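Below: the structure, in structure tokens.
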Amino acid sequence: MAEAADIQGMKHSPARRWLGRSAAVAAGVPLLAGLLGGLAAPQASAAGSTASPLSTATTGAAKGSPASAAAEPSGPNTVSVVLDTLAPSAPTKGDTLTISGTVTNKSKKTVTDAQVDLRVGPQLTGRTAIDDAVERSNDTTYDPLPVGGKYKVEFGKLASGISYDFALSVPVSKLGLGADGVYQLGVTLTGRTAAEPYDHTLGVRRTFLPWQPDSVDKKTRFTYLWPLISTSHVSAETGSDDQQTPVFENDDLAQELAPGGRLEQLVSLGSQLPVTWVVDPDLLATVEAMTDPYRVRDGKSTVAGKNQLVARSWLNALEKAVQDNGNIVALPFGDPDLASLAHGGENVSGTLGHLQSSSEVAGKTVETILHVPPATDFAWPAQGAVDPSIVDVATSAGADKVISRSDSIQDNLPYTASAARPIGGGTTAVVTDTRLSKAFEGDVTKAGSSTLAVQKFLAQSLAVNLQDPSKQRDIVVAPQRTPSASQAQSMARALQGLDGQRWTQPSDLVAAAAAKPDTNANTKVPGPSRYPDKLRAQELPTSAFEDLKGMGERLGKFKAILTLPDRVATPFANAVNRAVSTSWRGNARGAEQYRGSVNRYLTSLASEVQLIQKSELTLSGRSATIPVTVQNQLLQGVDNLVLRLQSTNATRLKLDDGSAVAEQPIKIDGGHTQVVKFTGAANANGPVELTAQLYTTDNRPYGSPMTFQVRVSELTPTVMLVIAGGVLMLVLAGVKMYSQRKRAVAAKAAGDKAAADAGAQAGGDAGRDGAGGDGAGDGDSPGGGTDSGTDGGESPAPDPAGTAPSADPAVPSTEPSAKPSAAPENQGDLDGAGPGQPSDPAPDTRPESGDPSGKGEKVDR
């Protein structure tokens with residue numbers, strides 16, 4: 001404390017310092033005695049930690065107590081100092097420097113005699129000195145004297161936890177600035193505490209003040225890249241209308257385009273700055289798609305997008321901005337991750353084809369939408385990190401300039417070399433400055449952090465020029481790919497600080513790449529081992545490119561059969577490019593989900609052209625037609641397909657021309673079904689398995705095969721039923737004829753018996769008449785007479801049964817006939833009406849039934 005006080009100009013003697021410390025202890029004794037015992041211990045511990053770090057280490061800290069973890073702030077950490085504004089950021093002679101901010105007492109005790117002062121440190125020599133000064137931001141050992149006088153702000157007291165605003169206005173002439181250069185500027189708060197009742201620094205905030213009041217002869221040519229890049233928002237799915245209404249994965253892009261959004265701020269600010277626009281054509285195509293009706297996924301369905309006006313406004317503003325400032329570079333469509341392509345896709349065939357297609361469409365997309373021809377020969381790997389494989393991939397699609405960074409291609413020079421480096425093969429590496437490029441990567445949402453970032457950026461830019469004022473160099477700055485709105489605002493403030501063009505002059509990327517290279521600069525691309533592990537861990541895995549390869553093969557087969565292939569070729573090609581975007585770094589799960597959604601949609605479309613599964617067929621006779629149904633549920637027609645049918649047993653069943661395989665071309669309109677008929681020839685009964693498969697014209701299978709079974713039978717169940725019916729009718733006809741004959745014989749026998757009975761009756765009557773008449777017999781006959789039928793002869797012996805047949809053929813026989821066979825009732829109705837004729841033919845067939853024929857399909861001759 002004594003050393004700090006001496007440097008601050010207090011000049012206390014050792015005796016006085018000792019008295020001050022004694023007074024502090026004496027003042028603390030009554031206070032501690034008046035507190036409750038439970039409260040006194042923690043406060044005593046806190047006071048002890050302030051007064052003696054050693055005592056803290058031997059008490060609470062040694063036990064790891066929570067109280068020791070949240071030690072009471074002390075020294076320069078007691079009060080927080082925040083610098084909200086510093087204007088002008090790069091002052092000149094005659095300017096007044098204005099600094100505003102806040103101070104906050106972070107301790108639990110009141111700070112008295114508080115005062116805010118401005119202190120100007122010594123000039124910093126070189127860029128490394130600026131970095132070192134940042135590391136010593138809380139070191140008060142070397143604080144210079146304050147400006148003093150009226151250029152200070154006094155506070156009576158700073159209560160615990162309360163923030164107080166301050167503003168200092170100091171003429172530059174009062175700062176004591178000397179030669180041109182970068183000066184460290186400090187804002188300190190001094191005061192007293194109960195533990196240390198003497199003036200000392202309780203808070204400090206340092207920044208940098210670039211001092212170059214006059215223009216130099218050799219200004220640094222300064223190129224700042226202004227990226228317009230976003231994440232992927234559009235899916236591969238489109239509507240069925242003529243416009244192919246796009247389907248968005250989400251509507252988040254509208255927030256970036258709306259007033260105050262990230263992309264809106266980039267366009268609004270960039271239109272007023274001398275920058276080189278670096279554009280992802282996918283972003284432009286996506287926003288243009290939003291200007292017309294579009295759909296947004298909502299669960300398993302989609303809803304209408306509602307941000308057409310926002311998209312039109314942003315696109316119009318961008319078009320005007322780039323026309324006023326025509327320096328524009330188009331990246332390959334979708335901003336593909338070059339390092340992932342080089343490291344993860346190098347062993348997967350067809351990988352570089354994605355980069356080639358995305359590069360070809362880039363320039364056309366930008367010029368069509370913005371009406372400005374862009375430069376398309378630049379490649380930008382993630383964070384400018386390169387190795388030989390990345391350079392090879394970058395140049396394979398036509399780029400001959402690779403945007404690298406100085407922490408990748410490093411120089412061993414005492415100054416910052418120009419950006420352009422010839423690295424062989426006609427390729428130029430445009431090496432961007434690492435310090436300036438990373439200046440706004442942190443959190444700059446608060447005014448204090450933004451102000452510090454801006455001042456450090458300006459200081460580094462001046463330090464570059466001061467390294468060798470006799471040389472004019474080209475410096476390129478490539479910030480993060482997707483700066484936030486607050487980062488874009490800080491970047492704009494920094495560039496506005498260079499408006500005076502006292503040590504820089506604006507340039508563009510094309511000019512910087514074409515500038516004469518520094519012969520002392522490094523032109524060797526670092527090896528693979530120097531590629532950062534952190535960046536490698538963020539790359540797409542090899543499995544991602546294998547998925548894309550399979551997707552590409554399915555897409556190729558699908559396009560080959562379509563009558564309007566462009567309706568799917570463009571959406572899916574763009575989706576594949578988006579799937580390898582640099583924006584997926586750090587979001588491996590999101591990248592995998594996007595690839596999965598594209599793959600599922602392609603599979604669902606391809607499956608709309610398919611074979612309809614058949615059940616078992618029964619082949620009637622030796623030859624028949626075998627139908628196979630092909631369905632097209634797409635909204636466009638399909639062509640260039642062949643349906644191939646194959647028999648697994650050609651001996652039993654042959655197809656068409658007598659071979660085991662037959663095929664026919666397929667052409668179906670959208671939303672229709674086609675039945676394809678093949679001819680089958682059977683040689684033997686039994687089951688045969690057939691396989692139907694669609695093929696493209698280049699003999700690649702399309703879709704899944706369909707297998708079904710055909711059962712070969714020479715006599716089908718239908719024919720067997722007809723034959724059985726005919727036999728049954730013949731049997732019934734025979735029974736009918738037999739019944740009719742039986743009835744006729746029975747009727748005749750009954751008639752003969754009746755006639756015989758009548759004759760017998762007549763004979764008896766005649767006999768009785770003879771006995772009583774003149775012709776009566778002699779006495780030898782019984783009854784005193786003779787038989788009427790004889791001339792005195794003997795009468796025949798009587799038949800015991802009385803049924804002896806008559807000798808006269810005209811008399812019917814009385815012999816009973818055989819018993820007739822049983823016959824069904826109404827047998828005579830089989831012919832439809834009355835007795836039929838035995839010679840009537842029975843029908844050989846019956847009417848064909850319209851009912852299902854049972855299990856399986858039946859194919860008739």
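What you are looking at is a predicted structure, and each value in this text was computed from that prediction instead of being measured.
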Any pair with a residue in residues 397-440 that passes ring pair (Phe, Tyr, Trp, His ring centres under 6.0 Å), sequence neighbours left out, goes on the list, sorted by first then second residue, please.
F440-F457

Residue pairs, two or more places apart or on separate chains, that pass side chain to side chain donor-acceptor pair (under 3.5 Å) and touch residues 252-273
S230-E256, E256-R262, Q265-Q489

Whether R473 and D468 form a salt bridge (side-chain N of Lys/Arg under 4.0 Å from carboxylate O of Asp/Glu) is what I want to check.
no

With a cut-off of 6.0 Å (strictly less than), are more than 12 heavy atoms of other residues, nucleotides or ligands near CG of D324?
yes

Out of the candidates D282, D280, D337, only one should pair with R578 under the salt bridge (charged side-chain N to carboxylate O under 4.0 Å, His left out) rule; please name it.
D282

Charged N to carboxylate O below 4.0 Å: is that the case for D407 and R405?
yes

Hydrogens and angles aside, do R493 and S89 bring a side-chain donor and acceptor to less than 3.5 Å of each other?
no

Salt bridge or not for D131 and R127, using N-O below 4.0 Å?
no

Donor-acceptor contacts under 3.5 Å from residues 505-512 side chains, at least two apart:
| residue | atom | partner | partner atom | Å |
| --- | --- | --- | --- | --- |
| D508 | OD1 | V510 | N | 3.1 |
| D508 | OD1 | A511 | N | 3.0 |

Side-chain ion pair, R221 and D474, N-O less than 4.0 Å
yes

If you define the side chain from C-beta out and look only at heavy atoms, does anything of I409 sit under 4.5 Å from P526?
yes

For S389, check side-chain contact (heavy atoms from CB on, under 4.5 Å) against everything at least two apart and list the hits.
A342, H343, D387

If we ignore angles and hydrogens, is there a donor and acceptor under 3.5 Å between the side chains of S583 and T231?
no

Just jot down the ring pair (Phe, Tyr, Trp, His ring centres under 6.0 Å) partners of Y164, sequence neighbours excluded, or say none.
F155

Please report, to 0.1 Å, the donor-acceptor pairs under 3.5 Å made by any side chain of residues 370-381, with sequence neighbours excluded.
| residue | atom | partner | partner atom | Å |
| --- | --- | --- | --- | --- |
| D377 | OD2 | K401 | NZ | 2.6 |

